[in-house]
Amino acid sequence: MPKIKKLLVANRGEISLRIMRTAREMGIQTVAVYSEADRLSPHVIFADEAVCLGPPPSAQSYLLGDKIIAACRELGVDAIHPGYGFLSENAAFARQVMDAGLIFVGPSASSIEVMGSKLAAKQAVAKYKIPLVPGTEEAITDIAEAKARASEIGYPILIKASAGGGGKGMRIVEDESEFEDQMQRAVSEAQSSFGDSAVFIEKYITSPRHIEIQILGDQHGKVVYLFERECSIQRRHQKVIEEAPSAVVSPEMRRAMGEAAVGVARACDYYGAGTVEFIVDENLDFYFLEMNTRLQVEHPVTEMITGKDLVREQILIAEGESLSFTQDELYINGHALEVRVYAEDPANNFLPDIGKLTTYKRPQGPGVRVDDGFEEGMDIPIYYDPMIAKLVTYGSDRAAAIQRMVGAIEEYKITGIQTTLGFCKFAIQHEAFVSGQFDTKFVDEYFDPKVLSQDFTELEEEILAALAVEFIAKEKKGSAKPSGRIKDSESAWRNRLK
Ligand code: ADP
Ligand code: ADP
Ligand code: MG
């Protein structure tokens with residue numbers, strides 16, 4: 001296979017920039033695409049050439065596969081990297097790219113197809129003895145039958161859209177009385193959101209952790225795993241904080257999960273970079289959830305602990321190179337943490353908070369990596385995912401990575417919009433996180449937005465003022481006992497800040 005000379009990145013923002021940086025390092029020319037909303041974005045400015053695809057909505061720009069392929073022909077591009085989101089898991093697009101004689105930096109269209117359907121994926125891996133969450137192996141067609149199966153599995157259960165993604169298309173059913181109603185909603189939602197009404201049932205794991213394995217496979221049948229990423233801190237079934245390695249995975253468990261992930265990859269003749277997601281229950285038993293056939297948002301934490309540039313590996317694999325290392329040559333060095341900086345208001349149920357980055361000052365220093373695609377003064381467009389940046393810290397161990405992250409978050413100055421930074425600082429310092437004993441319900445269990453509503457000194461002043469009022473009132477009645485009261489209140493507000 002020929003070397004890639006010119007690569008078009010069919011994406012935007014931080015991931016487009018991140019991919020182009022590696023391409024440039026490898027001596028490859030870069031082409032960016034953009035919508036009218038992203039005309040002045042850093043990814044456009046960075047690229048050697050850039051092509052405007054159309055108006056801001058994705059359907060009129062970043063999702064226009066034909067237009068992207070036509071641009072490749074015009075500019076003499078020989079390969080397309082799809083990033084994540086957008087066209088990255090669109091099998092028809094991957095096929096079109098190959099048919100146009102271009103290299104798709106990703107897996108084959110057939111691997112994408114199999115793994116794009118959660119049901120087809122489960123069927124494919126069943127032969128490889130991969131543990132699956134108890135549930136139905138086929139799409140539900142008969143409600144009575146499905147209900148009987150649900151009782152067998154035991155409530156609560158989860159109804160999932162086979163074509164779902166991005167944390168959408170899932171419904172929890174607490175008991176049998178809600179079953180039919182929820183099933184009908186799930187089917188119509190699956191049809192309207194994903195164009196595929198197929199749904200299935202899974203046992204709802206009540207104290208789950210989300211732990212995934214990064215894999216790399218070449219086109220000559222060699223597959224390796226690059227260990228795990230812990231992604232249990234989520235809101236709306238979507239990740240906000242990730243780390244590698246996980247605080248609860250032992251070397252034996254790591255090997256078992258890694259080998260299972262390699263089995264999943266083999267089940268669909270996978271090549272390229274991919275992620276096999278598992279759900280882990282309170283006994284640390286793990287079950288296959290799904291495979292993401294693309295570069296993952298949180299891939300930097302794996303890069304930090306393995307020293308491998310995953311985009312570089314993707315490009316080499318796409319060029320037909322053999323992997324240059326074996327499983328035995330891979331090892332974990334240190335610990336990495338990533339927090340996703342979203343333009344969202346944690347105090348308002350993490351709803352998007354779009355606007356202008358009035359102040360935008362990144363943290364720096366040893367062991368600090370910021371992957372972003374914005375500059376101060378820019379607007380966060382309403383049309384796309386509201387992620388501003390990924391802040392990654394590296395340390396010799398978990399405690400060092402956490403400590404560095406606290407400092408980096410404090411140094412990160414963003415005004416003009418609300419972000420998830422304050423929430424992330426709260427979360428990584430929380431006892432549950434520090435001890436490693438947490439699951440995907442962390443936000444529901446421990447996060448009270450009040451902890452972010454005021455800063456420490458403001459809260460202190462407010463409480464002291466309230467105490468003063470109370471004290472004066474009591475003094476008038478002759479019953480003031482200030483010292484004890486202040487102590488109680490002090491511990492009360494310290495608790496609020498924990
Ligand atoms: P991760 O890479 O960790 O799985 P996300 O689950 O947040 O990250 O998804 C990565 C990107 O892909 C996000 O921009 C998300 O919105 C998008 N995405 C994933 N699946 C779908 C889907 N089925 N439809 C639309 N967007 C999706
Ligand atoms: P998506 O394609 O949207 O990423 P996933 O199947 O990967 O869908 O699930 C996303 C998240 O939903 C998981 O990380 C986990 O938090 C939760 N989840 C999925 N399946 C289950 C389950 N069976 N029990 C409990 N939680 C689940
Ligand atoms: Mg997933």
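One-based numbering, in listed order, for ligands and for the atoms of each. Predicted, not measured: the structure shown is a model, and the values here were computed from it. Quick note: numbers below take in every heavy atom, side chains included, and nothing from hydrogens, waters or symmetry partners.
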Problem set entry | His299/Gln214 under side-chain hydrogen bond (donor to acceptor under 3.5 Å, both in side chains): CA gap, chis, key distance, verdict | CA-CA 8 Å; His299 75 278; Gln214 175 69 51; over 6 Å; no
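- Here atom 26 (N) of ligand 2 lies nearest to Ile279 when heavy atoms of Asn292, Ile279, Ile211 are compared.
- Numbered from 1 in the order shown, with element, the atoms of ligand 2 that lie under 4.0 Å from a heavy atom of Met170 read 3 (O), 8 (O), 9 (O), 10 (C), 12 (O), 19 (C).
- Atoms CD1 and CD, from Ile19 and Glu14 in turn, are 8.5 Å apart once rounded to the nearest 0.5 Å.
- Rounded to the nearest 0.5 Å, atoms OG1 (Thr302) and CD1 (Ile215) are 12.0 Å apart.
- Ring orientation note: the planes of Phe286 and Phe278 are nearly perpendicular, at an angle over 60° on the 30°/60° scale.
- At a 4.0 Å heavy-atom cut-off, ligand 2 touches Leu158 through the side chain alone.
- Distances below 4.0 Å separate heavy atoms of Gly164 from the following atoms of ligand 2: 2 (O).
- With the Mg ion (ligand 3) as the vertex, OE2 of Glu290 and OE1 of Glu277 span 90° to the nearest 10°.
- Residue Gln238 places no heavy atom under 4.0 Å from ligand 2.
- Which of Glu290, Glu89, Glu202, Arg209 comes nearest to atom 5 (P) of ligand 2 through a heavy atom is settled by distance: it is Glu290.
- Any N or O atom pair closer than 3.5 Å counts here, and Lys160 shares at least one such pair with ligand 2.
- Inspection of the Asp439 and Ser232 side chains reveals no N or O donor paired with an N or O acceptor under 3.5 Å.
- Residue Gly166 has at least one nitrogen or oxygen atom sitting less than 3.5 Å from a nitrogen or oxygen atom of ligand 2, judged on distance alone.
- Taking OG1 from Thr136 and NZ from Lys160, the interatomic distance works out to 11.0 Å, rounded to the nearest 0.5 Å.
- Of the listed options Lys168, Lys118, Lys441, Arg236, Lys118 places a heavy atom closest to atom 8 (O) of ligand 2.
- Taking the centre of each ring, Phe423 and Phe447 come in below the 6.0 Å mark.
- Residue contacts with ligand 2 for Lys203 involve N, CA, C or O but no side-chain atom from C-beta outward (heavy atoms, distance under 4.0 Å).
- Taking each of Met291, His237, Gln234 in turn, the one with a heavy atom nearest to atom 16 (O) of ligand 2 proves to be Gln234.
- If you number the atoms of ligand 2 from 1 as listed, the ones under 4.0 Å from a heavy atom of Gly167 come out as 1 (P), 3 (O).
- The distance from the CZ atom of Arg229 to the CD atom of Gln296 is 5.5 Å, given to the nearest 0.5 Å.
- Ligand 2 is never approached by Lys239 to a heavy-atom distance shorter than 4.0 Å.
- With values rounded to the nearest 0.5 angstrom, Met170 atom CE is found 5.0 Å from His237 atom NE2.
- Contact atoms of ligand 2 toward His210: 13 (C), 14 (O) (distance under 4.0 Å to a heavy atom of the residue).
- A centroid separation of less than 6.0 Å is found between the aromatic rings of Tyr384 and Tyr62.
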